[in-house]
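To start, the structure under review is shown below, and the notes come after it.
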Amino acid sequence: MTDESKVVVIGGGVAGALLAKSLQLDSNLVLIDPKDYFDIPWTDLRSTVEPTFAEKALIKHTEYLTNGTIVNSRAINITSTEVLAEEGRAVPYDFLVIATGHEGPDPSSKTDRLAQFKGDSEKIKSASSVLIVGGGPTGVELAGEIATDFPGKKITLVHKGPRLLEFIGVKASNKALKWLKEKNVEVLLEQTIELDSITETAREFTTTAGTKVTADCHFVCIGKPLASAWLRETVLKECLDDRGRLMVDDSLRVKGQEKIFAIGDINDVKELKQGYLAQAHATLVAKNIKTLMKGEKEPKLAAYKPGTALAIVSLGRKNAVAQFPFMTISGRFAGMIKSKDLFLPRTRKAMGLEP
């Protein structure tokens, strides 16, 4: 292989965008993504209450990818030599990286995504009561943002599980619940609202436990499905596990494939699926692809070590709950780590941009 090796990256999210940026000067690089921007996901809830925050948190692919080709389309098939885009283009590859993450209804243009944030912000401002369905990190962080910026609004958070933030430990869940209750957020556990019964204009809701909730606006914050269903019709159909994740080896190559990698939420690495770990995947695979490009007979690839159980959930602008491997903390010290700027300057800097 030479510096002109063809590298194709499918997905321009946390992992895919960083990997594309990292390899653009070392290869003939193509990024395939239906959106024209990289949306830093851990900033979305702040952008929902403060749309101007999104101006820097939404990064057009052309801002960081100055030496590659961008195909604004979905990938719909993969063969052993090329990727077929929905727009009809066949893109050949020497190395392929799949970083499609989760499905989402996000707009395809930065302009439309900004408009979406502005619309949600206006909806919250004009409401006296807000319903949030889902008590995972998205629902909890959204409740925290609204409770902080609009303390007079009645907020109801409905979650089907026995505790909030079930992806992390009980201590973190309890600390988040305590904080929300102190902010007068009503939390209804072990019940949910059937999504089929929710319409955009609905103002009255009934939970599965029979609880009546009245709200001027609502947000559904439940987990999104993996963006992997399309892979079942490709050359990688046998490489998916029963959850729809691509099985990878310790170099993050798809099992059974020499030159195809999977990074971010789409792979089956046993760890919490966190943004900083997706970035670590991208850094390691960029290194491994550069090694393979040299064409050595027995290349030594770097091995990925799964991340520890570390997670930080923001609670408004100054507080957070943080789970570390050996302790859990909450309050302003935890908030100092993430909540003030949500790692936005650091993320922009990692993409080669002004903070």
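Atoms considered below: every heavy atom in the structure, side chains included; atoms not considered: hydrogens, waters and symmetry mates. Here the structure is a predicted model, which is why all the values come from computation and not from measurement.
- Within the 4.5 Å cutoff, no side-chain heavy atoms of Trp230 are placed close to those of Arg74.
- Thr66 places no side-chain N or O within donor-acceptor distance of the main-chain N or O of Thr62, the cut-off being under 3.5 Å.
- For the pair Val130/Phe150, no side-chain contact is recorded, criterion being any heavy-atom separation below 4.5 Å from C-beta on.
- Between Cys221 and Ile132, the shortest heavy-atom distance links the atoms SG-CG2, 4.0 Å.
- Here the shortest heavy-atom pairing between Ile98 and Leu236 reads CD1-CD1, 3.2 Å.
- Criterion: ILVMFWY side-chain heavy atoms under 4.5 Å apart, direct or through other members. Under it, Tyr276 and Ile59 are part of a common hydrophobic cluster.
- Rounding to the nearest 0.5 Å places OG1 of Thr291 at 10.5 Å from NZ of Lys300.
- Note on Met351: it clusters hydrophobically with Val9, by side-chain heavy-atom contacts below 4.5 Å among ILVMFWY residues.
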- Query: After noting the C-alpha distance and the side-chain angles of Trp179 and Val321, does the key distance pass the side chain to side chain contact (heavy atoms under 4.5 Å, CB included) rule?
  - Reply: CA-CA 9 Å; Trp179 187 91; Val321 57; over 6 Å; no

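- Not one N or O on the side chain of Lys123 forms a donor-acceptor pair closer than 3.5 Å with the backbone of Asp216.
- Annotation for Asp249 and Ser251: closest pair OD1-OG, 2.7 Å, computed over non-hydrogen atoms.
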- Is there a salt bridge (charged side-chain N to carboxylate O under 4.0 Å, His left out) between Arg348 and Glu354 once you walk through the steps? CA-CA 6 Å; Arg348 287 183 58 85; Glu354 288 292 324; over 6 Å; no

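- Remark: side-chain polar atoms of Tyr304 are not paired, donor with acceptor, to backbone N or O of Val285 under 3.5 angstrom.
- Using a cut-off of 4.0 Å between Lys/Arg side-chain N and Asp/Glu carboxylate O, Glu87 and Arg89 are scored as salt-bridged.
- Under the 4.5 Å side-chain heavy-atom criterion for ILVMFWY residues, a single connected hydrophobic cluster contains both Leu272 and Leu165.
- Checking side-chain atoms of Ser228 against main-chain N and O of Leu231 turns up no donor-acceptor pair under 3.5 Å.
- The shortest side-chain heavy-atom distance between Leu96 and Lys259 does not fall under the 4.5 Å cut-off.
- Lys110 approaches Asp36 most closely through the heavy-atom pair N-OD1, 3.0 Å.
- Remark: Glu233 CD is loosely packed, at most 12 non-hydrogen atoms of other residues, nucleotides or ligands lying under 6.0 Å away.
- For the pair Asp268 (side chain) and Val248 (backbone), a donor-acceptor distance under 3.5 Å is present.
- A distance of 11.0 Å separates CD of Glu50 from CD of Glu55, quoted to the nearest 0.5 Å.
- A salt bridge links Asp39 with Arg113: the distance from a Lys NZ or Arg NE/NH1/NH2 to an Asp or Glu carboxylate oxygen falls below 4.0 Å.
- With hydrogens and angles disregarded, no donor-acceptor distance shorter than 3.5 Å links the side chain of Asp250 to the backbone of Lys305.
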- Task: Decide yes or no on side chain to side chain donor-acceptor pair (under 3.5 Å) for Ser47 and Asp44, but give the supporting numbers first.
- Result: CA-CA 5 Å; Ser47 295; Asp44 284 352; 5.3 Å; no

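- Under the rule for a ring pair (Phe, Tyr, Trp, His ring centres under 6.0 Å), Phe53 has no partner lying at least two apart in sequence or in another chain.
- A distance-only check finds a donor-acceptor pair linking the side chain of Thr100 to the backbone of Ala227 [under 3.5 Å].
- One finds a salt bridge joining Lys178 and Glu182 here, because a Lys/Arg side-chain nitrogen approaches an Asp/Glu carboxylate oxygen to under 4.0 Å.
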- Message: Show, in sequence, the C-alpha distance, side-chain angles and deciding distance for Val133 and Leu131, and conclude whether the side chain to side chain contact (heavy atoms under 4.5 Å, CB included) test is met.
- Response: CA-CA 7 Å; Val133 181; Leu131 167 66; 4.1 Å; yes

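- Annotation: the span from Arg46 atom CZ to Leu342 atom CG amounts to 4.5 Å, rounded to 0.5 Å.
- Between Ser109 atom OG and Leu58 atom CG the span is 10.0 Å, to the nearest 0.5 Å.
- For the residue pair Asp106 and Tyr37, the shortest heavy atom distance occurs at CB-OH, 3.8 Å.
- Looking only at distances, no side-chain donor or acceptor of Ser197 sits under 3.5 Å from a matching main-chain atom of Ile193.
- For the residue pair Gln191/Thr211, the side-chain donor-acceptor check at 3.5 Å is satisfied.
- A salt bridge does not link Lys273 with Asp265: every distance from a Lys NZ or Arg NE/NH1/NH2 to an Asp or Glu carboxylate oxygen is 4.0 Å or more.
- Contact check on Glu190 versus Arg163 returns no salt bridge, with no Lys/Arg side-chain nitrogen under 4.0 Å from an Asp/Glu carboxylate oxygen.
- Side-chain heavy atoms closer than 4.5 Å link hydrophobic residues (I, L, V, M, F, W, Y) into clusters, and following such links, possibly through other members, connects Val213 to Leu195.
- With sequence neighbours left out, the ring pair (Phe, Tyr, Trp, His ring centres under 6.0 Å) criterion links Phe205 to His218.
- Residue Arg317 qualifies as enclosed at atom CZ: its count of foreign heavy atoms under 6.0 Å is above 12.
- Leu18 is not listed as a side-chain neighbour of Tyr64, based on a closest heavy-atom distance of 4.5 Å or more.
- Residues Gln116 and Pro107 are in side-chain contact: their nearest non-hydrogen atoms beyond the backbone lie under 4.5 Å apart.
- Here the straight-line distance linking atom NZ of Lys290 with atom CG of Leu292 works out to 13.0 Å at 0.5 Å rounding.
- When hydrophobic clusters are built by joining Ile, Leu, Val, Met, Phe, Trp and Tyr residues whose side-chain heavy atoms come closer than 4.5 Å, directly or via intermediates, Leu353 is grouped together with Leu344.
- Scanning both residues, Ser73 and Ile32, for their nearest heavy atoms gives O-CG2, 3.3 Å.
- Of the candidates Leu301, Asn267, Leu246, Leu252 forms a side chain to side chain contact (heavy atoms under 4.5 Å, CB included) with just one, namely Asn267.
- For the pair Arg253/Ile260, no side-chain contact is recorded, criterion being any heavy-atom separation below 4.5 Å from C-beta on.
- A salt bridge does not link Glu204 with Lys212: every distance from a Lys NZ or Arg NE/NH1/NH2 to an Asp or Glu carboxylate oxygen is 4.0 Å or more.
- Ser173 places a side-chain N or O within 3.5 Å of a backbone atom of Gly169 that can act as its donor or acceptor partner.
- When only modelled atom types and interatomic distance are considered, His159 and Glu166 share a side-chain donor-acceptor pair under 3.5 Å.
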Give the table of side-chain donor-acceptor pairs shorter than 3.5 Å for residues 330-340, with sequence neighbours excluded, one pair per line with atom names and distance.
from	atom 1	to	atom 2	distance (Å)
Lys338	NZ	Glu141	OE2	2.9
Lys338	NZ	Ile312	O	3.0
Ser339	OG	Ser314	OG	3.3
Ser339	OG	Asn319	O	2.6

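- Proximity of a side-chain donor or acceptor of His281 to a complementary backbone N or O of Ile263 within less than 3.5 Å is not detected.
- The shortest side-chain heavy-atom distance between Val14 and Ile40 does not fall under the 4.5 Å cut-off.
- Taken to the nearest 0.5 Å, the CD atom of Glu103 stands 9.0 Å off from the CG atom of Leu226.
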- Would you sort out whether Val91 and Leu84 count as a side chain to side chain contact (heavy atoms under 4.5 Å, CB included), showing the intermediate values? CA-CA 6 Å; Val91 185; Leu84 179 63; over 6 Å; no

- Can Thr156 and Lys154 be said to form a side chain to side chain contact (heavy atoms under 4.5 Å, CB included), step by step? CA-CA 7 Å; Thr156 303; Lys154 176 174 173 49; 4.0 Å; yes

